[in-house]
Amino acid sequence: MTEIPKKISVGCGLGLIGGVASIICLAVFYTSEPDTLLNMALYMLIACLFFGIAGAFTKTGQWGWRMITFMALLTIGLIAMFTVCKYFDVYAGIILAAITLLIIAVVSFPSSKKWLSRI
Amino acid sequence: MNDTKTHNVAFAWFGIFAVAVFAITWICAAALDPTWVFGKDIISKLGISNTDASLYFKYGCVLTGAFAIIFGIGNTLYAKNAGHASGGIFMIMAGLFLALVGIITMDIGNGDLHKFVAITMAIFILCAAISFAAGNWYEHHELYAGVPIIIICMIIGLGIGYNNATAEGWAVILALLWICIESIRMIATTEKD
């Protein structure tokens, strides 16, 4: 199976967009106060998770579809927790959660599951 | 998968009944006691209200607890794996302690016994949520497994970011939502025996 289905490319793209969006949020919500470091670290954590998920949608990706689903659910859980704790801006949290939900939707297609189960 | 409805669907409906009863009880009690404020007062304060709200709270908790026990029994009897079985047992214990929350109200003694019963109930519900998540994951129902985990993360966030009353109120709402989704899972994943 050398040809990557379009849905898998969409999933990879969504992961990259999520990561970039997290980095943008990190820059937009940066303030010069000392306790902003925690907020920045949490945005960076979510960005890392998104980039990790994006990497799973490549030809050399090592995760099966269940692992990707688990990581996406973990990402949503963390985004929800940080948004509720008021570390994340509400609108930023909603956008990042929406991107993650789209990733889960992409992974749920039978053709995606078939390609990701090649491992 | 949904060819035949078996008896576990009837047990699943008790989960939905429990959610409906508690929601109606809470809304009616809050309406009867105008001094109770969401986010400022804990739900247990309705049990010691000077109005009829206390009756709604007490009987509502007992009835919800009874429905939760039946829901838990159904999950245990029709469990597909150890996760569902243990989740059902935890739900039975949570239902029992919820009924005790309605019986042992805050004005009995210095309120410590009520606190103990309420916190124990919350711990059993947490254990039930984790067990059901594991059981659903094992059965390859990943999305159903993810819902309680996301809800638990949100409740942790509520505990960190808000006061006790607000966190408790929203945590109860999220727990009711979870029980509803778990009941729907039980109905939707019914298999022919």
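Values below: every heavy atom of this structure, side chains too, minus hydrogens, waters and symmetry copies. Chain naming here is simple, since letters A, B, ... match the order of the sequence lines and numbering starts at 1 in each.
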Atom OH of Tyr56(B): over 12 foreign heavy atoms under 6.0 Å: no
Tell me whether the count of non-hydrogen atoms from other residues, nucleotides or ligands lying under 6.0 Å of CG in Asp112(B) goes above 12. yes
Please tell me whether Met91(B) and Leu177(B) are part of a single hydrophobic cluster in this structure, the criterion being side-chain heavy atoms less than 4.5 Å apart. yes
Restricting to non-hydrogen atoms, name the atom on Cys153(B) and the atom on Gly77(A) that form the minimum distance, rounded to 0.1 Å. CB-O, 3.2 Å
Walk me through it: do Trp170(B) and Val84(A) pass the test side-chain contact (heavy atoms from CB on, under 4.5 Å)? CA-CA 11 Å; Trp170(B) 282 109; Val84(A) 166; over 6 Å; no
Quick check against the 3.5 Å criterion: does Arg66(A) have a side-chain atom that pairs as donor or acceptor with the backbone of Glu142(B)? no
Distance from Ile160(B) atom CD1 to Tyr87(A) atom OH, nearest 0.5 Å? 6.0 Å
What's the separation between atom CG in Leu143(B) and atom OG in Ser108(A), rounded to the nearest 0.5 Å? 5.0 Å
Region of Leu158(B) in contact with chain A, defined by heavy-atom distances below 4.5 Å: both
With a 4.5 angstrom heavy-atom cut-off, which part of Phe70(A) approaches chain B: side chain, backbone, both or neither? both
Quick one, Ile149(B) with Leu73(A), criterion side-chain contact (heavy atoms from CB on, under 4.5 Å). Give me CA distance, side-chain angles, the key distance, then yes/no. CA-CA 8 Å; Ile149(B) 300 304; Leu73(A) 289 168; over 6 Å; no
With a 4.5 angstrom heavy-atom cut-off, is it the side chain or the backbone of Ile104(A) that approaches chain B, or both, or neither? side chain
Met154(B) side, atom CE; Ile76(A) side, atom CD1 - distance, nearest 0.5 Å: 11.0 Å
